[in-house]
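Since the structure is predicted, the reported quantities are computational estimates derived from the model, not experimental observations. To find a chain, count down the sequence lines: A is the first, B the second, and so on, and within it residues start at 1.
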2 protein chains.
Amino acid sequence: MSREAGRRSGRRPGTSGAREQILAAARSAFADNGYDGTTIRRVARAAGVDPALVHHYFGNKRQLFVDAMDLPANPAEIIEGLVATGDPEDLGERMIRFMLNVWDQEEDRAPLVAIVRTAMSDDQAATMVREFATTEILGRIVKAARGDNQDLRMTLLASQVFGLLIMRYIIKLEPLASAHPETVALAMGPTFQRYLTGPISQASSIGASRTERSAPVERSSTNISSDS
Amino acid sequence: MSREAGRRSGRRPGTSGAREQILAAARSAFADNGYDGTTIRRVARAAGVDPALVHHYFGNKRQLFVDAMDLPANPAEIIEGLVATGDPEDLGERMIRFMLNVWDQEEDRAPLVAIVRTAMSDDQAATMVREFATTEILGRIVKAARGDNQDLRMTLLASQVFGLLIMRYIIKLEPLASAHPETVALAMGPTFQRYLTGPISQASSIGASRTERSAPVERSSTNISSDS
DNA sequence: CGTTGAGTTCAACACTTGTTGAATTCCTTG
DNA sequence: CAAGGAATTCAACAAGTGTTGAACTCAACG
């Protein structure tokens with residue numbers, strides 16, 4: 001990791017692998033601190049090189065992010081495979097097992113966490129994620145599973161996927177963060193499955209719940225302005 | 001909104017309400033851009049005042065955030081009321097209706113969105129949210145509902161609450177973002193209810209799913225280093 | 001061995017940020 | 001109307017940022 005750091009200038013002897021070290025440091029930094037929270041100077045220090053070397057290889061910060069986030073696999077293909085494999089009644093649990101299988105490996109998770117963190121940072125980034133998720137990922141899953149209310153099912157599913165991702169890997173709420181993948185698959189599987197193929201527009205809770213119910217809390221319609 | 005902007009210096013005539021305008025601009029800015037993405041200069045410009053006035057009133061950026069985020073109600077009390085009101089079999093739907101009732105009002109939602117955005121920005125903020133959510137909010141809900149696996153139920157619930165919050169108000173994925181509250185209550189109610197009081201550790205999917213299943217995807221154990 | 005080019009560092013620029021102290025204008029109280 | 005204090009702005013500082021160009025050192029190739 002650390003060669004002699006005291007050299008004044010010029011090329012270091014031997015094969016340094018500095019480019020890969022910069023990429024690894026960038027992945028880690030973006031995942032931990034988000035895009036804005038990551039400085040090129042800190043990435044460079046973590047990689048043991050000069051900040052200018054980062055620009056030498058990647059041009060600018062945005063390109064460093066793009067190169068560091070380079071996803072190993074095409075999500076579209078993976079989804080096609082998942083959907084085509086087993087019978088649709090198992091798709092929910094299969095999805096969970098697959099996702100945890102990938103994300104429980106830190107080096108595979110880092111790019112995704114970094115992207116999610118960045119997506120939450122401001123409105124513009126959120127829009128990019130919305131469009132990508134809509135067209136590239138979610139549509140394929142739900143289309144392959146059932147017919148009615150596809151769009152709503154898609155977004156319900158997305159909400160639980162995001163919630164799982166955030167709670168397990170970002171907020172790290174225990175015991176979910178350390179739970180065995182199979183525990184999660186069993187606990188969340190029915191939720192995924194119901195969003196995919198179950199009933200979602202009837203009052204189908206466990207006890208016999210009344211369907212109509214008045215709002216239990218009255219809204220306070222106060223406004224902030226103080227101009228009387 | 002805009003008084004005469006060309007005055008050179010000194011106090012402006014009349015009651016300006018600048019302090020409230022700064023707070024409103026800060027809430028909006030923190031909600032849209034997160035903590036780091038919000039600059040005091042932009043808040044000041046949106047409020048039509050000089051940046052120094054922000055420091056005059058709030059001292060520093062952190063305190064501006066705290067004052068702007070000042071929540072209108074005590075979450076602990078609200079939860080106690082929700083839990084005590086009806087029978088436990090309805091708690092899931094009641095929670096959803098209540099949350100949407102509050103968050104669908106933009107001025108009530110802004111502080112929460114700002115806090116969530118900030119919580120996602122880096123690890124340190126995530127830790128703060130984790131501790132607050134654990135001790136102040138989630139524990140009370142689940143404790144009042146059922147006995148077994150309380151901690152796991154709590155985090156499962158949190159994942160779906162966060163997912164809903166993020167998808168509806170931050171990523172704004174349609175049709176969930178614009179769906180009628182009752183639609184959401186009916187669609188997500190069973191999920192909430194099952195996490196609260198339903199079975200969560202058995203293979204209880206809709207079709208007869210086999211309980212044990214080998215991993216459907218083989219892990220690629222490649223590492224990043226290129227040193228051959 | 002000389003040349004060329006890639007790897008690497010140094011030093012600096014232009015910019016933005018949070019923050020501060022002094023100066024100016026108005027309101028309020030006597 | 002005089003005085004004190006609050007509201008407001010101006011101008012500046014120190015720190016940190018992404019980025020750039022020049023300089024230096026090594027490896028490879030003829």
Enquirer: Describe, in one word, how the ring planes of A/F30 and A/Y35 are oriented to each other, choosing from parallel (under 30°), tilted (30 to 60°) and perpendicular (over 60°).
Expert: parallel
Enquirer: Reading DNA chain D from 5' onward, which residue's closest nucleotide shows up sooner: B/P51 or A/Y35?
Expert: B/P51
Enquirer: Can you measure A/K61 atom NZ to D/dG16 atom C1' for me and round it to whole angstrom units?
Expert: 12 Å
Enquirer: Answer yes or no: is there an ion pair linking A/D36 with A/R117, defined by an N-O contact shorter than 4.0 Å?
Expert: no
Enquirer: Grab the CG-C1' distance between A/L53 and C/dT9 for me, whole Å please.
Expert: 9 Å
Enquirer: From the set D/dG18, D/dT8, C/dC10, return the single nucleotide nearest to any side-chain atom of A/D50.
Expert: C/dC10
Enquirer: Would you mind reading off the distance between A/N60 atom CG and D/dT17 atom P, rounded to a whole angstrom?
Expert: 17 Å
Enquirer: Checking contacts here: which listed nucleotide (D/dG18, C/dT19, D/dC10) is nearest the side-chain heavy atoms of B/A52?
Expert: D/dC10
Enquirer: Considering just the side-chain nitrogens and oxygens of B/H55, establish if one lies under 4.0 Å of OP1 or OP2 belonging to C/dT20.
Expert: no
Enquirer: Calculate the interatomic distance between B/D36 atom CG and C/dG18 atom C1'; express it in whole Å.
Expert: 12 Å
Enquirer: Is there a side-chain contact between B/Y57 and the phosphate of D/dA6, meaning an N or O under 4.0 Å from OP1 or OP2?
Expert: no
Enquirer: Quick one: does A/R41 reach the base of D/dG16 with a side-chain donor-acceptor pair under 3.5 Å?
Expert: no
Enquirer: Any chance the side chains of A/E174 and B/T155 put a donor and an acceptor closer than 3.5 Å?
Expert: no
Enquirer: Quick one: B/L64 CG to C/dT17 P, roughly how many Å, whole number?
Expert: 15 Å
Enquirer: May I have the distance from A/R42 (atom CZ) to D/dT17 (atom P), rounded to whole angstrom?
Expert: 7 Å
Enquirer: Count the heavy atoms belonging to other residues, nucleotides or ligands that lie under 6.0 Å from CD of B/Q63, then report whether that count exceeds 12.
Expert: yes
Enquirer: Given atom CZ of B/R45 and atom P of D/dC10, what is their separation to the nearest angstrom?
Expert: 14 Å
Enquirer: If you assign each of B/H56 and A/H56 to its closest nucleotide in DNA chain C, which residue comes earlier from the 5' end?
Expert: A/H56
Enquirer: Given atom CZ of B/F65 and atom P of C/dT19, what is their separation to the nearest angstrom?
Expert: 14 Å
Enquirer: Mark yes or no for whether A/R109, through its side chain, and A/A31, through its backbone, hold a donor-acceptor pair below 3.5 Å.
Expert: no
